[in-house]
Amino acid sequence: GQNFSVLQGTLNTAGRTMAFAAGSGLLVENATITGGGNIIGNLTLGNNAIVDLSASGTAGGQYTRYVASGNAVLNSSSQLRVNVAGMTSGGAINDFISGSSRTGTFNSINLTNNSSPNFTPYELNSATTAGVFFNTAPTGTISNIAVDEDAAPTAVNLDAAFSDLQHTDAQLTYSVVANTNASLFTGSSISSGVLTLTHAANANGFSDITVRATDPYGQFIETSFRVTVNPVNDAPVLDNNGEMTLSAITEDQTNNSGN
């Protein structure tokens, strides 16, 4: 069949259904298609083709897309452009483009109206679809901590300290990336979202600790907090290793000497 070719300018399909003869479909090359819609036939995004869509959310009806009954072919120089005005939480849209099969990938994905929360797009492809995961880095802060010298180990709940719009606490990875005074501690460990700091005996001072929270796409945040260990005046301890001798004491004398 004969393809319908868009070779320059912009074609706004405005959500319409376009039907083509068997074996043919819509070919876009050096041009832009926008508005989404259904294509009875193939969708071929050729050299420098741009697909211009919009997404205010990830639920059905919140984004525009192209659905082809035939093959969806993406040239390596094709681009996807998405207007994300109104999108607040991000996440996955799996099917901006779909067909009975999908081959190729977009050369680039560009977002417009993306000042806040400033998503980073990651391509999501399957055998029949091309989509995008809209990701943001984790956020969080940790309050400063103060303990007395020789205190029990300190537990910091990292799951409570950090959050992520697109991922659960269990999907975040935590690590300590800096510790300005490691001598204050005999160890630190992270397990099940909790950072445990074991304090060194008879040590005091402060340390600034930096923790990194990383999401499955590798985006991360680092936050620092201060651990202050307050000095404690220890009670005197009798040293039995030495020899203690007392001189004779004269009765009623106030300046007796002794060793």
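- Residues Ala161 and Ile142 come closest through the heavy atom pair CB-CG1, 3.9 Å.
- A side-chain N or O of Ser183 and one of Asn181 form a donor-acceptor pair less than 3.5 Å apart.
- In this structure, CG in Leu158 is found 11.5 Å from OG1 in Thr173, a value given to the nearest 0.5 Å.
- Scanning all heavy atoms of the two residues, the minimum distance from Gly90 to Thr58 falls at O-CG2, 3.5 Å.
- Aromatic pair Tyr122/Phe134: ring centres not closer than 6.0 Å.
- No donor-acceptor distance shorter than 3.5 angstrom exists from the side chain of Ser56 to the backbone of Gly86, with no hydrogens or angles considered.
- In summary, the side chains of Thr129 and Asn94 do not present any donor paired with an acceptor at a separation below 3.5 Å, with no hydrogens or angles considered.
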Apply side-chain hydrogen bond (donor to acceptor under 3.5 Å, both in side chains) to residues His199 and Thr154 and explain how you reach the verdict. CA-CA 8 Å; His199 304 283; Thr154 298; 2.7 Å; yes
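- With no hydrogens or angles considered, no side-chain donor-acceptor pair links Ser89 and Gln166 at under 3.5 Å.
- No hydrogens or angles considered: a donor-acceptor pair under 3.5 Å links the side chains of Asn75 and Ser77.
- With sequence neighbours excluded, no residue forms a salt bridge (charged side-chain N to carboxylate O under 4.0 Å, His left out) with Asp148.
- Between Ser69 and Gly41 the shortest heavy-atom distance is OG-N, 2.8 Å.
- Between the side chain of Thr64 and the main chain of Ser54, a donor-acceptor pair closer than 3.5 Å is present.
- In terms of modelled atom types and a separation under 3.5 Å, the side chain of Thr180 and the main chain of Asp208 share a donor-acceptor contact.
- A heavy-atom distance below 4.5 Å is not found between the side chains of Thr139 and Phe162.
- By the side chain to side chain donor-acceptor pair (under 3.5 Å) test, Gln62 pairs with no residue at all, sequence neighbours left out.
- The line from OG1 of Thr44 to CG of Asn71 is 8.0 Å long, rounded to the nearest 0.5 Å.
- Side chains of Leu11 and Thr34 form no contact here, defined as non-hydrogen atoms less than 4.5 Å apart.
- Side-chain contact between Ile190 and Val176 is present, with at least one heavy-atom pair separated by less than 4.5 Å.
- Atom-to-atom distance recorded for Leu45:CG and Ile33:CD1 is 5.5 Å, nearest 0.5 angstrom.
- Between the side chains of Glu149 and Asn204, at least one donor N or O lies within less than 3.5 Å of an accepting N or O.
- Annotation: the span from Ser108 atom OG to Glu123 atom CD amounts to 9.5 Å, rounded to 0.5 Å.
- With contacts defined as side-chain heavy-atom distances shorter than 4.5 Å, the pair Leu26/Phe20 qualifies.
- Between Asp150 and Asn202, the closest heavy-atom pair is OD1-N, 2.7 Å.
- Between the side chain of Asn3 and the backbone N or O of Ser5 there is no donor-acceptor pair closer than 3.5 Å.
- The closest side-chain heavy-atom distance from Val84 to Thr112 is not below 4.5 Å.
- Because its NZ or CZ atom is not both nearer than 6.0 Å to the ring centre of Phe96 and within 45° of the ring axis, Arg65 does not count as a cation-pi partner of that residue.
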Using the rule given for side-chain hydrogen bond (donor to acceptor under 3.5 Å, both in side chains), can you reason through Gln8 versus Asn30, listing the C-alpha separation, both sets of side-chain angles and the distance that settles it, and then say yes or no? CA-CA 6 Å; Gln8 63 179 358; Asn30 299 309; over 6 Å; no
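- No side-chain donor from either of Asp215 and Gln171 sits under 3.5 Å from a side-chain acceptor of the other.
- Judged as a salt bridge (charged side-chain N to carboxylate O under 4.0 Å, His left out), and not counting sequence neighbours, Arg102 has no contacts.
- No side-chain heavy atom of Ser98 sits under 4.5 Å from any side-chain heavy atom of Thr128.
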Do His167 and Phe133 pass the ring pair (Phe, Tyr, Trp, His ring centres under 6.0 Å) test, and can you show the C-alpha distance, the side-chain angles, and the key distance before you say yes or no? CA-CA 12 Å; His167 303 99; Phe133 193 95; 5.6 Å; yes
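- Using a 4.5 Å heavy-atom cutoff, the side chains of Leu195 and Val211 are in contact.
- Rounding to the nearest 0.5 Å places CZ of Phe106 at 11.0 Å from CD1 of Ile50.
- With hydrophobic clusters built from ILVMFWY side chains whose heavy atoms lie under 4.5 angstrom apart, Met18 shares a cluster with Val28.
- Nearest heavy-atom pair, Tyr174 versus Asp159, reported as atom, atom and distance to 0.1 Å: OH-OD1, 2.8 Å.
- Val194 has its side chain out of reach of Ser192: every pair of non-hydrogen atoms, C-beta onward, lies at least 4.5 Å apart.
- Under 3.5 Å, the side chains of Asn38 and Tyr66 contain no donor-acceptor pair of N or O atoms.
- With values rounded to the nearest 0.5 angstrom, Ile97 atom CD1 is found 10.5 Å from Asn125 atom CG.
- Of the N and O atoms on the side chains of Asn179 and Ser207, at least one donor lies less than 3.5 Å from an acceptor on the other residue.
- When every heavy atom of Gly46 is checked against every heavy atom of Ser78, the shortest pair comes out as O-CB, 4.1 Å.
- Defined by atom type and a distance below 3.5 Å, a donor-acceptor pair is missing between the side-chain atoms of Tyr63 and Asn83.
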